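A short worksheet on the structure shown next.
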Amino acid sequence: MVKKPKIQKKAKKIKVAAKKQKAKAAPSKPRVFQTLRGMKDILPGEYKYWHFVKNKAENFANNYGYEFIETPILEETALFNRAVGGETDIVSKEMFSFTDRGGENICLRPEATASIARAYIQHGMLNLPQPVKFFYFGQMFRHERPQAGRLRAFHQFGFETLGDGNAVIDAEIIFLVYNLLQDLGLKTSVQVNSIGCPKCRESYKNKLVNYYRDQRSSLCEECKKRLVKNPLRILDCKEAGCEPLKEGAPQIVDYLCDDCKNHFVRVLEYLDDAAVPYNLNPYLVRGLDYYTKTVFEFFSEENQATGQKAEALGGGGRYDNLVEVLGGRPTPACGVALGPERLITKIKENNVDVPPLIVPDIFLAQLGEQARKKSFALIEDLRRAGFYITHGLTKEGLKKQLEIANKLGARYALILGQKEVIDGTIIIRDMEGGSQEIIDFVKIVQEMKKKITNGIAK
Ligand code: AMP
């Protein structure tokens with residue numbers, strides 16, 4: 001190797017030192033912030049999809065008698081420990097929990113059912129006529145490994161019925177969601193199972209543990225732990241070693257007590273009568289401890305048909321012991337949660353025709369300072385008259401403003417220039433045909449009411 005002369009080495013050292021000095025002296029550019037990993041902004045361009053889903057879901061809630069409820073995003077961590085279960089993935093691995101400034105252990109909610117049961121007890125809703133039916137829509141947080149369809153901050157909306165143990169409630173919730181998904185342009189089918197009550201599940205758990213204990217060496221590390229802590233979840237495992245084993249595993253339906261069996265049969269009969277397509281899935285267990293009896297998950301039909309592995313669009317079940325576990329009186333209940341992010345992905349994939357958010361009825365274009373001043377009152381008058389109105393108040397040229405009106409799909413443009421201000425008139429331009437007419441300024445609201453009787457996209 002040829003050695004570099006000493007002088008050259010020295011020069012390099014000086015250069016590096018100078019560079020470092022310069023970097024230190026230069027005013028540092030402010031860091032550009034990003035959303036946290038697994039979290040997303042919902043930008044205006046996306047909003048029509050959100051509006052579509054939320055609006056439809058809220059209409060279903062109103063029609064089926066579910067009342068809106070909103071609970072805080074922060075709750076005591078212990079609520080989910082108790083309700084969802086300390087051994088579940090959600091609680092043991094995925095909670096955003098921390099100690100607050102007051103030393104309390106709190107967390108960002110990972111789901112809403114526990115909060116709703118807490119609210120039901122806290123506000124004495126067991127004294128209301130039963131059942132009490134709730135609808136919610138909000139953000140949830142789980143520290144999962146981000147991947148397609150799996151975020152750390154995501155939304156869920158859901159329907160919960162507390163205070164009634166009748167099987168018709170389970171069927172009604174499944175029926176409602178099936179129809180809602182159809183109205184969103186999604187063909188789905190539902191997978192159903194019963195995981196029994198704590199009594200019959202105990203004997204089943206023993207059988208399951210015996211079965212898997214013999215196969216222990218084939219299980220993944222996680223399932224080896226589950227064998228002790230949460231054996232039902234082994235049936236859910238997608239690992240190559242674990243999944244084929246479930247074929248030979250005992251099935252819970254064979255171990256249901258009479259009450260659980262009858263309940264399940266009745267749910268299925270209601271679904272048959274309502275012509276809801278469902279598949280019995282003996283391996284469906286759901287990941288949360290509070291479930292009893294019926295459990296179900298919704299999948300898009302094309303994923304079912306092609307056998308593609310897909311994330312559920314929504315899921316739920318009965319949770320007859322949750323209210324009691326949280327300190328309330330025994331209260332049977334059933335509910336479902338759906339993920340709008342996953343629904344929107346499917347809606348886009350299926351090219352569902354989603355209406356635009358709002359198309360303005362009127363675009364007000366102005367020219368000159370006088371006209372601009374006169375526009376404020378006019379905008380408010382037209383808004384009060386019930387029109388969707390937008391404007392180009394910050395813009396100068398008429399051509400530019402009409403281009404914007406066109407882009408927004410406005411039905412009419414009103415043009416207020418210097419001449420019109422002097423004359424006490426205003427121009428109405430039909431944006432579709434391009435025809436224009438001059439109207440007395442004072443008559444404009446009346447005139448627009450004649451033209452737009454039903455309004456557009458109201
Ligand atoms: P779960 O309570 O886990 O059954 O979730 C119910 C529904 O919420 C799922 O079927 C998804 O649509 C949605 N969901 C759950 N976890 C996530 C997540 N990490 N990211 C996006 N959506 C989710």
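These values consider heavy atoms only, across backbone and side chains, with no hydrogens, waters or symmetry-generated copies. Just so you know, ligand 1 is whichever comes first in the structure, and atom 1 is the first atom listed for that ligand. Nothing here was measured: the structure is a model prediction, and the numbers come from that model. Count residues from 1 along the sequence.
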Sub-4.0 Å atoms of ligand 1 with respect to non-hydrogen atoms of [X]:
X    : value
R150 : 18 (C), 19 (N), 20 (N)
A312 : 9 (C), 10 (O), 11 (C), 12 (O)
R142 : 1 (P), 2 (O), 3 (O), 15 (C), 16 (N)
A337 : 6 (C), 7 (C)
G149 : 20 (N), 21 (C), 22 (N)

Examine [X] against ligand 1 and note whether any of their N/O atoms are separated by less than 3.5 Å.
X    : answer
G314 : yes
E341 : no
G339 : yes
L338 : no
L151 : yes
E144 : yes
I90  : no

- I would like to know whether F135 and Y66 meet ring-ring contact (aromatic ring centres under 6.0 Å, His included); could you show each step before the answer? CA-CA 5 Å; F135 170 78; Y66 285 80; 8.1 Å; no
- Message: H143 vs K93, test: side-chain contact (heavy atoms from CB on, under 4.5 Å). Steps then yes/no.
- Response: CA-CA 7 Å; H143 202 279; K93 297 184 200 157; over 6 Å; no
Do [X] and [Y] have side chains that get closer than 4.5 Å, going by heavy atoms?
X    : Y    : value
L343 : L184 : yes
F387 : Y412 : no
Y204 : L232 : yes
N127 : R329 : yes
F363 : L414 : no
Y178 : V190 : no
F96  : R142 : no

- Regarding K54 and the six-membered ring of F157, is the cationic atom NZ or CZ under 6.0 Å from the ring centre and inside 45° of its axis?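 The answer is no; the distance or angle limit is not met.
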Of all the non-hydrogen atoms in the protein, which one sits nearest to [atom], and at what distance?
atom                    : result
atom 5 (O) of ligand 1  : Q156 NE2, 3.1 Å
atom 14 (N) of ligand 1 : F154 CE1, 3.6 Å
atom 11 (C) of ligand 1 : R342 NH1, 3.3 Å

- Proximity of R286 to ligand 1 by residue part, where a heavy atom lies under 4.0 Å: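 The answer is the side chain of R286.
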- Message: Using a 4.0 Å heavy-atom cut-off, which part of L313 comes near ligand 1: side chain, backbone, both, or neither?
- Response: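 Within the 4.0 Å criterion, L313 contacts ligand 1 through backbone atoms alone.
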- Let me see the working for K133 and E160 under side-chain contact (heavy atoms from CB on, under 4.5 Å), right down to the final yes or no. CA-CA 6 Å; K133 297 161 93 178; E160 311 277 354; over 6 Å; no
